[in-house]
4 protein chains.
Amino acid sequence: MNNNKPKFKQIIDAAVKVIAQNGYHASQVSKIAKQAGVADGTIYLYFKNKEDILISLFQDKMGQFIEKIEEEILKHQGADEKLKALIGMHFKQLAEDHDLAIVTQLELRQSNKELRIKINEVLKRYLIVMDQIIKDGVDEGIFRSDLNPRLVRQMVFGTLDEIVTNWVMKDQKYELINQVDEIHTLIINGLKKV
Amino acid sequence: MNNNKPKFKQIIDAAVKVIAQNGYHASQVSKIAKQAGVADGTIYLYFKNKEDILISLFQDKMGQFIEKIEEEILKHQGADEKLKALIGMHFKQLAEDHDLAIVTQLELRQSNKELRIKINEVLKRYLIVMDQIIKDGVDEGIFRSDLNPRLVRQMVFGTLDEIVTNWVMKDQKYELINQVDEIHTLIINGLKKV
Amino acid sequence: MNNNKPKFKQIIDAAVKVIAQNGYHASQVSKIAKQAGVADGTIYLYFKNKEDILISLFQDKMGQFIEKIEEEILKHQGADEKLKALIGMHFKQLAEDHDLAIVTQLELRQSNKELRIKINEVLKRYLIVMDQIIKDGVDEGIFRSDLNPRLVRQMVFGTLDEIVTNWVMKDQKYELINQVDEIHTLIINGLKKV
Amino acid sequence: MNNNKPKFKQIIDAAVKVIAQNGYHASQVSKIAKQAGVADGTIYLYFKNKEDILISLFQDKMGQFIEKIEEEILKHQGADEKLKALIGMHFKQLAEDHDLAIVTQLELRQSNKELRIKINEVLKRYLIVMDQIIKDGVDEGIFRSDLNPRLVRQMVFGTLDEIVTNWVMKDQKYELINQVDEIHTLIINGLKKV
DNA sequence: TATGAATGAGGTTTCATTCAT
DNA sequence: GATGAATGAAACCTCATTCAT
């Protein structure tokens with residue numbers, strides 16, 4: 001029990017742990033409360049209802065996730081390097097927090113459509129980051145100027161997401177981070193032989 | 001389970017309709033039974049349990065889905081054309097059956113991890129199709145020979161899946177099929193300016 | 001357990017017994033189910049929710065209650081005799097079913113405003129019976145012609161109800177039925193010395 | 001918030017307002033505390049528990065209610081006039097304080113049997129007032145000497161109570177006070193034509 | 001006196017599944 | 001094979017009350 005941590009964070013962290021260990025549907029509020037070291041009722045002083053825990057969890061964790069990616073990108077020059085940094089940080093963060101990876105890639109997807117719509121809103125910020133990289137690349141003259149930003153975005157996110165999900169489902173038996181260069185190359189150059 | 005029986009199909013089609021209309025969590029067995037025009041108990045003469053309906057649904061519909069893609073690919077020559085055919089049929093089939101698109105892209109994902117593992121097994125056949133195209137492309141000398149088939153597969157599937165999911169969530173307001181060429185180009189050529 | 005009785009009646013009778021014994025707020029659905037000899041879920045095949053049990057209980061029991069009063073009145077001639085018959089049957093029925101008396105006089109009044117509004121609707125039929133007696137009395141020339149039917153009704157019902165409630169709260173230690181004549185005289189003649 | 005008023009009264013008045021506005025079951029201690037402008041815990045410095053608030057509320061308000069009736073009766077001569085004064089003041093006070101009328105006629109009745117027994121004790125003083133009027137009337141020779149005081153009391157109280165409750169439930173759409181004479185006549189003379 | 005964050009017991013309802021007919 | 005009435009486990013959330021400050 002970390003009583004220094006404010007209860008809000010304490011409960012969110014407990015939720016991540018409980019959901020990762022027990023799965024979404026077996027994660028009762030009472031289990032989360034126990035893990036957080038608070039009474040069941042205390043949960044409801046900080047969250048409107050159970051769904052609100054999940055939304056807050058996603059907002060909190062994904063907020064940090066995207067923020068770190070944004071910070072990392074600033075350190076790099078050129079759309080090409082920035083894209084590689086994005087992929088690297090995307091993988092690095094999920095590889096470093098297995099519980100979070102399980103929760104975001106597998107468990108939280110079992111939530112209902114309404115929750116998933118809210119989750120998508122959190123992800124919009126990530127899409128903006130991607131859009132900027134694409135725009136930069138076009139401006140730099142290294143990306144084709146006729147790219148459809150939405151499609152590129154969906155390709156990049158879809159690719160990374162599918163790769164991480166497979167990695168999680170295969171119990172994270174290989175190193176995600178090792179694949180950054182290959183994926184970067186795939187996205188930049190496609191399948192074509194030059 | 002007797003797959004020849006018309007009731008089997010009848011129940012699966014009812015399930016697709018009910019889930020598409022009501023969402024995964026509001027699709028009780030009794031609702032599916034009613035839509036299928038049978039008694040609740042009858043369901044259990046054809047399916048082991050509720051999960052079995054969903055697995056069977058996925059096997060049945062995705063089986064046909066992949067089959068049609070396989071057939072279409074046979075009509076085309078060269079990995080490049082085959083890939084375009086794959087993308088086209090992937091989109092075409094989901095665009096033609098909105099209920100199925102909703103069920104596979106949104107609703108069925110709310111199922112638990114175990115069910116999704118089984119779903120992944122059904123998809124293996126799709127992955128084999130993709131692998132063959134990749135291998136063909138390499139053999140033809142049009143794809144790079146150092147491609148990692150798993151990663152390519154995940155890129156292609158992740159991309160298509162993300163695009164379709166977004167299309168479904170945006171209430172299918174634009175034409176999926178119009179985007180085939182762009183996506184094909186993206187996958188083949190990447191983002192890079194030539 | 002009376003398996004001949006249809007479940008609907010069975011559950012209502014169980015509810016009366018459980019509420020009379022345990023009080024309104026300690027009468028959980030599970031307790032009623034147990035007393036009725038059915039599973040908790042079975043309750044919901046016959047009633048929409050817990051409140052619906054109570055409404056149905058009141059409709060069923062009060063329906064019979066009023067019906068018996070109506071029947072008894074038919075056997076008597078003249079508004080004066082009819083009124084006495086009404087008072088007599090009102091008291092007789094509640095005196096004969098102590099559980100029901102406790103439930104209708106004490107426990108059911110703890111229900112919320114909405115339920116009480118529905119209860120009042122059931123009682124409307126009783127009010128019609130009273131109105132008819134009043135009208136008869138006026139027509140016969142034995143009651144004053146300037147009586148306000150609503151007020152008379154409220155006086156009669158308020159009086160009987162208050163008397164029965166006191167009797168129930170005093171654990172029914174005296175005979176309700178013995179007081180019929182006195183009350184009848186009070187209502188007909190008032191307090192005044194002739 | 002009136003900080004001059006001692007907290008005890010302040011809390012009781014808050015309770016009346018909150019219960020009248022929200023209904024008995026939606027009147028949580030925290031809501032009453034907020035309305036009273038004190039902390040939740042402060043309530044428990046002045047009241048043993050929630051039930052104690054309600055009992056105190058009833059004692060306080062009904063104490064005043066009965067007191068005013070007693071005072072008014074003193075101004076009148078003869079049992080007949082005194083009874084009319086009692087009815088008048090009973091109606092007048094409730095008509096003048098709608099919140100109190102809602103609370104005493106509708107909301108407080110939803111309390112449990114134990115609370116209502118204590119409420120009845122408060123009302124005993126009212127019954128004594130009625131008993132005295134009845135006795136006076138008999139002594140004056142204007143009421144029948146064979147009246148059963150308990151029954152008369154229950155008739156009078158039951159009648160007034162039923163009339164006020166109906167008036168409150170019908171959203172107080174008509175003037176209660178206008179009916180004093182009719183009711184007085186009903187109680188004194190009964191239904192009979194002279 | 002006053003505060004208000006924390007507590008934790010308790011109950012209605014849903015729905016997948018069974019089994020007597 | 002087909003029925004559908006019956007089962008019963010399981011969990012979210014509220015709110016009166018406490019107590020350290």
Side-chain angles (χ1 to χ4, degrees), chain A residues 3 6-8 10-11 25-34 36-53, chain B residues 2 5-8 10-11 25-34 36-54, chain C residues 3 6-8 10-11 25-34 36-54, chain D residues 3 6-8 10-11 25-34 36-54:
Chain A
N3 288 320
K7 291 237 160 52
F8 184 86
Q10 203 171 318
I11 292 165
H25 284 113
S27 295
Q28 299 87 343
V29 171
S30 62
K31 234 178 230 168
I32 295 173
K34 201 172 186 182
V38 300
D40 291 18
T42 305
I43 300 267
Y44 293 87
L45 297 177
Y46 296 90
F47 300 91
K48 220 170 61 234
N49 49 36
K50 190 183 178 182
E51 194 183 48
D52 191 33
I53 306 177
Chain B
N2 190 340
K5 285 276 166 59
K7 288 235 165 73
F8 183 87
Q10 205 171 315
I11 292 166
H25 283 114
S27 295
Q28 299 85 348
V29 170
S30 62
K31 227 179 236 166
I32 295 172
K34 199 173 186 181
V38 300
D40 293 15
T42 305
I43 298 267
Y44 291 87
L45 298 175
Y46 295 91
F47 300 90
K48 214 168 70 233
N49 49 34
K50 188 182 181 183
E51 196 182 48
D52 191 32
I53 307 177
L54 304 175
Chain C
N3 288 319
K7 292 237 158 53
F8 183 87
Q10 205 172 315
I11 292 165
H25 284 114
S27 294
Q28 299 86 343
V29 171
S30 61
K31 235 178 229 168
I32 295 172
K34 201 171 184 181
V38 300
D40 291 17
T42 305
I43 300 268
Y44 292 87
L45 297 176
Y46 296 91
F47 300 91
K48 218 169 65 232
N49 49 35
K50 189 181 179 182
E51 195 183 47
D52 191 32
I53 307 176
L54 304 174
Chain D
N3 290 321
K7 291 237 161 66
F8 184 86
Q10 205 171 315
I11 292 166
H25 282 114
S27 295
Q28 298 84 348
V29 170
S30 63
K31 225 178 237 169
I32 295 171
K34 199 173 186 181
V38 300
D40 293 15
T42 305
I43 298 268
Y44 291 86
L45 298 174
Y46 296 89
F47 300 90
K48 215 169 68 231
N49 51 34
K50 188 180 180 183
E51 194 180 51
D52 191 32
I53 307 176
L54 304 175

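Computed from a predicted model, the values in this text were never measured in an experiment. Throughout, a chain's letter reflects where its sequence line sits, starting with A, and its residues are numbered from 1.
Using a 4.0 Å heavy-atom criterion, one finds that A:V29 contacts the sugar-phosphate atoms exclusively. Residue contacts shown for A:F47 are absent, as no nucleic acid heavy atom lies under 4.0 Å away.
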Only distances under 3.5 Å count here; give the side-chain donor-acceptor pairs of residues 43-51 of chain D to other protein atoms, sequence neighbours excluded, each with its distance to 0.1 Å.
from, atom 1, to, atom 2, distance (Å)
D:N49, OD1, D:E51, N, 3.3
D:N49, OD1, D:D52, N, 3.0
D:K50, NZ, D:S27, O, 3.0

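If you measure from atom CG of A:D52 to atom C1' of F:dC12, you get 14 Å, rounded to the nearest angstrom. Between D:Y46 atom OH and F:dA16 atom C1' the separation is 20 Å, expressed in whole Å. One atom, NZ of A:K31, and another, P of F:dA11, lie 8 Å apart when rounded to the nearest Å. F:dC13 atom P lies 11 Å from atom CD1 of A:I43, rounded to whole Å. What separates CD of B:Q10 from C1' of F:dG1 is a distance of 14 Å, to the nearest Å. When rounded to the nearest whole Å, the span between CZ of B:F8 and P of F:dA2 equals 14 Å. Remark: C1' of F:dA11 and CG of A:N49 are 14 Å apart, rounded to the nearest angstrom. Computed from coordinates, the D:D40 CG to F:dT14 C1' distance equals 14 Å when rounded to whole Å.
Contact annotation: B:T42 side-chain N/O to F:dT3 OP1/OP2 distance is under 4.0 Å. Contact annotation: B:K7 reaches the phosphate of F:dA2 (side-chain N/O to OP1 or OP2, under 4.0 Å).
Take the nearest nucleotide of DNA chain F for D:K48 and for A:L45: the residue whose nucleotide is more 5' is A:L45. Comparing D:Y44 and A:G41 by the nucleotide of DNA chain F whose heavy atom lies nearest to each, the residue mapping closer to the 5' end is A:G41. Each of B:E51 and C:K50 was matched to the nucleotide of DNA chain E holding its nearest heavy atom; the match closer to the 5' end belongs to C:K50. Comparing A:A39 and C:A26 along DNA chain E, the residue whose closest nucleotide (by nearest heavy atom) sits nearer the 5' end is A:A39.
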Can you give the dot-bracket line for DNA chain E, where a pair is Watson-Crick or G-U wobble with both atom distances under 3.5 Å, crossing pairs use [ ], and | marks a partner on another strand?
.||||||||||||||||||||

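Nucleotides of DNA chain E that come within less than 4.0 Å of any heavy atom of chain D span, from the 5' end to the 3' end, E:dT1 to E:dG4.
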side-chain contact (heavy atoms from CB on, under 4.5 Å), that's the test. Do B:K7 and B:Q10 meet it? Break it down for me.
CA-CA 5 Å; B:K7 288 235 165 73; B:Q10 205 171 315; 4.2 Å; yes

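On the C1' atoms, E:dT1 is 13 Å away from F:dT21, given to the nearest whole Å.
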